[in-house]
Amino acid sequence: MAAVRPAPGRRWTSGAATFIAVVLFVEVGLVVVQAARGTFTHFNGSDDPSNQFVQASFALGIPAMFLANVALALVLSFQRFGRPDVRPAVRSGLYLAILGMASGYLMFGQRREVTVADAGGREVELVVGHSVGVPDGGPGLPLTGWSTTGGDLRVPHFVGMHGLQAMILLALGLAALGLAERVRTRLVAVAALGYTGLFALLVRQALHGEPLVHPGGTTPAAAAGLVVVVAAGAVWALRSGTAAPRPVRPPVPRR
């Protein structure tokens with residue numbers, strides 16, 4: 001019996017996903033190595049041979065992984081897979097992750113050479129920063145270290161990159177609640193639009209030099225408007241599940 005060959009689109013998605021997983025595994029491993037050495041991982045301008053190898057790996061691996069994600073998202077945009085509520089969750093999550101990755105390149109706009117000391121007391125030159133309006137390394141939130149005195153581009157970078165996990169978990173959670181498929185699909189669409197709006201708001205806030213916990217200007221009003229729009233969309237999606245089904249007309253007998 002001849003083996004069934006997978007469709008070309010599925011071979012593309014499988015290959016791209018495997019490549020992304022391998023690159024992520026290697027990059028996370030390099031982050032662990034740098035952390036064990038007590039030095040900085042990103043934008044480290046040290047001429048130490050080990051660090052130079054890490055930086056070269058990032059310079060090659062990260063853009064390649066970004067392009068692989070773009071290719072995967074484009075293929076899945078036209079490929080049928082899973083349930084109708086899962087497809088938009090995966091597709092929108094992938095595009096959110098791509099936006100999150102792309103936002104990392106905004107940090108190159110904060111190019112400034114700063115000499116700091118790593119955990120071992122060695123002087124390290126950081127060639128790019130993530131803070132806006134304040135120097136890197138200032139007061140920050142617990143665990144994340146996100147700046148509490150200025151804008152921080154790591155916030156939208158983090159939120160966008162984890163959009164894929166958030167959207168898939170949402171789709172699984174809605175399915176566990178036993179909601180109708182049409183309601184789940186519409187709620188996923190509303191959540192994707194809301195998440196995109198949140199990401200855009202966080203990018204704007206960071207570029208304006210506003211700390212995450214101390215928003216200024218029109219940011220609170222924009223956030224409130226986003227909440228209202230998402231809430232209205234959620235109500236619309238939930239009400240669509242209670243709408244009376246359309247009556248089915250009996251077939252007209254042929255004469």
To the nearest 0.5 Å, tell me how far Leu60 CG sits from Met65 CE. 13.0 Å

Group every Ile, Leu, Val, Met, Phe, Trp and Tyr by side-chain heavy-atom contacts under 4.5 Å, then state whether [X] and [Y] land in the same group.
{"X": "Phe53", "Y": "Val23", "result": "yes"}
{"X": "Val31", "Y": "Val128", "result": "yes"}
{"X": "Val86", "Y": "Leu193", "result": "no"}
{"X": "Leu99", "Y": "Leu24", "result": "yes"}
{"X": "Ile62", "Y": "Val33", "result": "no"}

Which pairs count as side-chain hydrogen bond (donor to acceptor under 3.5 Å, both in side chains) when at least one residue sits in [range], sequence neighbours excluded?
{"range": "residues 53-74", "result": "Asn51-Gln55"}
{"range": "residues 227-236", "result": "none"}
{"range": "residues 89-101", "result": "Ser77-Tyr95"}

If you look only at pairs with a residue in residues 210-234, which of them pass as a salt bridge (Lys or Arg N to Asp or Glu O under 4.0 Å), with sequence neighbours excluded?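 Those involving residues 210-234 do not exist here.
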
Not counting sequence neighbours, list each pair that qualifies as a salt bridge (Lys or Arg N to Asp or Glu O under 4.0 Å) and has a residue in residues 72-84.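 Of all non-adjacent pairs touching residues 72-84, those that pass salt bridge (Lys or Arg N to Asp or Glu O under 4.0 Å) are Arg83-Asp85.
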
Donor-acceptor under 3.5 Å (Ser240 side chain, Ala237 main chain): yes

Is a donor on one side and an acceptor on the other found under 3.5 Å between the side chain of Gln34 and the backbone of Phe40?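 Judged by distance alone, yes, a pair lies under 3.5 Å.
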
Kindly indicate whether the side chain of [X], heavy atoms from C-beta on, has any atom under 4.5 Å from the side chain of [Y].
{"X": "Val230", "Y": "Val190", "answer": "yes"}
{"X": "Leu153", "Y": "Tyr105", "answer": "no"}
{"X": "Ser147", "Y": "Val134", "answer": "yes"}

Going by ring-ring contact (aromatic ring centres under 6.0 Å, His included), name the residues that satisfy it together with Phe43, two or more places apart in sequence or in a different chain. Phe108

Any residue meeting salt bridge (Lys or Arg N to Asp or Glu O under 4.0 Å) with Arg154, in chain and number order, not counting sequence neighbours: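 Only Asp152 meet the salt bridge (Lys or Arg N to Asp or Glu O under 4.0 Å) criterion with Arg154.
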
Check salt bridge (Lys or Arg N to Asp or Glu O under 4.0 Å) between Arg87 and all other residues, then give those that pass, not counting sequence neighbours.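 Not a single residue meets the salt bridge (Lys or Arg N to Asp or Glu O under 4.0 Å) criterion with Arg87.
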
Pairwise ring pair (Phe, Tyr, Trp, His ring centres under 6.0 Å) hits with a residue in residues 127-171, at least two apart: Trp146-Phe158, Phe158-His162

Enumerate the residue pairs fulfilling ring pair (Phe, Tyr, Trp, His ring centres under 6.0 Å) with a member in residues 61-94, sequence neighbours excluded, ordered by first and then second residue. none

Start with the C-alpha distance between Ser50 and Arg37, add both sets of side-chain angles, then the distance that settles side chain to side chain contact (heavy atoms under 4.5 Å, CB included), and finish with yes or no. CA-CA 10 Å; Ser50 298; Arg37 297 177 64 233; 3.9 Å; yes

Could you go through the side chain to side chain contact (heavy atoms under 4.5 Å, CB included) check for Asn44 and Phe58 one step at a time? CA-CA 11 Å; Asn44 189 333; Phe58 278 135; over 6 Å; no

Which donor-acceptor pairs under 3.5 Å do side chains of residues 197-205 form with protein atoms, sequence neighbours excluded?
| unit_1 | atom_1 | unit_2 | atom_2 | d |
| --- | --- | --- | --- | --- |
| Arg204 | NH1 | Thr219 | OG1 | 3.3 |
| Arg204 | NH2 | Thr218 | OG1 | 2.9 |
| Gln205 | NE2 | Pro211 | O | 2.7 |

Please lay out, stage by stage, how Thr41 and Leu30 fare under the test side chain to side chain contact (heavy atoms under 4.5 Å, CB included). CA-CA 8 Å; Thr41 302; Leu30 292 176; 6.0 Å; no

Please tabulate, one pair per line, all N/O donor-acceptor pairs under 3.5 Å involving side-chain atoms of residues 164-181, not counting sequence neighbours.
none

